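Here's the structure, in structure tokens; my notes come after.
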Amino acid sequence: MPELPEVETIRVGLEPHLVGRTFVHVEIDDVRLTRPHDPVETAAELTGEAVAALERRGKYLLVRFESGRVLLIHLRMTGSLLLLRDGTAIDDPYRRAVVRLDNGSDVAYRDVRRFGTWLLLEPGELEPYLGARVGEEPLVAAFTARGLGERLAGRRTSLKAALLDQRTLAGLGNIYVDEALWYARLHPLRPAASLDRNELRRLHRGIRRALELGIARQGSTLTDYRLPDGSEGSMQKEFRAYGRTAPPCDRCGTPLEKIRVAGRGTWFCPRCQPL
């Protein structure tokens, strides 16, 4: 699933090609993409909208229009956005929507599993919608170890489960939680509310380090994720925990272990991250 680094990479790649452009034609071929709203009606509503800004909030991509409306895109597990500058979209059985821009280029939405969503919000609807679903951004200056501790206090669940909850922090998913916990030397099954001040500082640094490295490497391409130009990210070459059962821990040489936490495959070092 695309997480904060992947969505931010897509935003950066598309921003110079979308901002200032107008949607002159929109085709949405998958009824699941806009449900419960009719895809034909949503496409018609989007046609003629001029893009004012392209932003990110957690795992959401926000296309702000000059009209005040916002198209909220959630890529879910396998969604991706490809820029086709010559306007010739190749045949692809997994293409679910195409936006033609006023300069002749296309933006194609591709989604193998069909879990992604497009939601067109009217002026004033965005903040209440996100406010109920998304917590603090972990890369802003206002995000502190103390604030993280306050968000974890009283949580009666594991540390990993709490971090996967988007209401705790925006944008973290299975990959970057495992990476952050490895950097912080914290076991994923630790009770979320049990961290002391030093451990919270380590976790705060670990979260930032994992996400910043993911952005620098333009995300992780394991199966479907692609940049807007079709290229792959390279973060998967630098995983310290996620998906690594055969290579030993880069820090201490102990074989990594895999367990399930909150229904997710979870990798950690039993020596560096003791329970």
Side-chain angles (χ1 to χ4, degrees), residues 1-28 33 42-43 45-76 78-89 95-111 116-121 123 125-127 129-130 134 137-141 143 170-173 176 208 211-221 224-235:
M1 177 183 293
E3 302 177 26
L4 187 156
E6 287 75 33
V7 179
E8 178 64 13
T9 298
I10 291 172
R11 187 198 68 78
V12 170
L14 285 178
E15 184 178 37
H17 305 284
L18 273 184
V19 175
R21 303 259 67 98
T22 298
F23 288 14
V24 297
H25 184 70
V26 180
E27 291 183 8
I28 301 175
L33 187 60
T42 300
E45 291 287 338
L46 288 170
T47 300
E49 290 283 2
V51 180
L54 189 62
E55 302 170 1
R56 179 196 55 76
R57 185 74 170 87
K59 300 178 186 179
Y60 289 98
L61 191 67
L62 284 61
V63 185
R64 290 189 181 270
F65 298 116
E66 293 180 0
S67 65
R69 288 169 149 183
V70 178
L71 176 61
L72 196 62
I73 299 176
H74 199 314
L75 303 174
R76 300 291 177 182
T78 57
S80 61
L81 290 160
L82 299 176
L83 177 67
L84 307 166
R85 298 190 189 186
D86 57 2
T88 56
R95 187 175 65 239
R96 311 300 179 188
V98 178
V99 175
R100 171 61 58 88
L101 303 177
D102 59 353
N103 63 354
S105 61
D106 287 344
V107 177
Y109 176 75
R110 185 179 191 273
D111 194 342
T117 57
W118 285 22
L119 178 62
L120 181 59
L121 297 173
E125 293 182 343
L126 178 65
E127 291 308 319
Y129 183 91
L130 291 179
V134 181
E137 286 287 328
L139 293 180
V140 298
F143 172 57
L172 286 171
Y176 294 97
R208 282 185 178 270
L211 293 176
E212 288 170 352
L213 183 58
I215 293 172
R217 299 296 180 264
Q218 299 186 298
S220 310
T221 297
D224 300 286
Y225 165 71
R226 295 292 185 277
L227 278 69
D229 64 3
S231 61
E232 299 183 356
S234 62
M235 179 60 187

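On a predicted model such as this, the values are computed, not experimentally measured, just so you know.
- Rounding to the nearest 0.5 Å gives a distance of 14.5 Å between CG of Asp102 and NE2 of His25.
- Under 4.0 Å is where a charged nitrogen must lie from a carboxylate oxygen, and between Glu55 and Arg11 no such pair does.
- Taking all atoms of both residues into account, the shortest heavy-atom contact from Pro138 to Ala170 is CD-O, 3.1 Å.
- Considering every non-hydrogen atom in both Tyr109 and Thr117, the closest pair reads OH-N, 4.4 Å.
- Under the 4.5 Å side-chain criterion, counting only non-hydrogen atoms from C-beta, Leu84 is not in contact with Val98.
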>> Go through it in stages, so that I can follow the logic: the residues are Val99 and Leu46, the test is side-chain contact (heavy atoms from CB on, under 4.5 Å), and I'd like the CA-CA distance, side-chain angles, deciding distance and then a yes or no.
In response: CA-CA 9 Å; Val99 175; Leu46 288 170; 5.9 Å; no

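- The backbone N or O of Gly233 sits less than 3.5 Å from a side-chain atom of Thr221, completing a donor-acceptor pair.
- Between Leu18 and Phe23 the shortest side-chain heavy-atom distance falls below 4.5 Å.
- Nearest approach of Ser67 to Glu49, heavy atoms of both residues: OG-OE1, 2.8 Å.
- A heavy-atom distance below 4.5 Å is found between the side chains of Phe65 and Leu120.
- Using a 4.5 Å heavy-atom threshold, the side chains of Asp111 and Asp224 count as separate.
- For the residue pair Tyr176 / Glu6, a side-chain donor-acceptor distance below 3.5 Å is found, with atom types taken as modelled.
- Shown are Leu119, Ile73, Ile28; of these, the side chain to side chain contact (heavy atoms under 4.5 Å, CB included) with Leu33 is made only by Ile28.
- Taken to the nearest 0.5 Å, the CH2 atom of Trp118 stands 10.0 Å off from the OG1 atom of Thr42.
- For the atom pair CZ of Arg95 and CG of Asp106, the computed distance is 8.5 Å after rounding to the nearest 0.5 Å.
- In plain terms, the two heavy atoms of Pro2 and Gly79 that are nearest each other are CG-O, 3.9 Å.
- Rounding to the nearest 0.5 Å gives a distance of 8.5 Å between CD1 of Ile10 and CG of Leu82.
- When all heavy atoms are compared, the tightest approach of Thr47 to Val26 is OG1-N, 3.7 Å.
- Interatomic distance, Leu227 CG to Leu81 CG, rounded to the nearest 0.5 Å: 11.5 Å.
- Val12 has its side chain out of reach of Ile215: every pair of non-hydrogen atoms, C-beta onward, lies at least 4.5 Å apart.
- Exactly one of Thr9, Leu62, Leu4 qualifies for a side chain to side chain contact (heavy atoms under 4.5 Å, CB included) with Arg56. That residue is Leu4.
- The closest side-chain heavy-atom distance from Arg64 to Leu126 is below 4.5 Å.
- Here CG of Leu14 is found 13.5 Å from CZ of Arg21. Values are rounded to the nearest 0.5 Å.
- The salt bridge (charged side-chain N to carboxylate O under 4.0 Å, His left out) test applied to Glu232 returns Arg226, not counting sequence neighbours.
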> Step by step, would you call Lys59 with Glu3 a salt bridge (Lys or Arg N to Asp or Glu O under 4.0 Å)?
Replying inline: CA-CA 6 Å; Lys59 300 178 186 179; Glu3 302 177 26; 5.7 Å; no

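- Partners of His17 by ring pair (Phe, Tyr, Trp, His ring centres under 6.0 Å), not counting sequence neighbours: none found.
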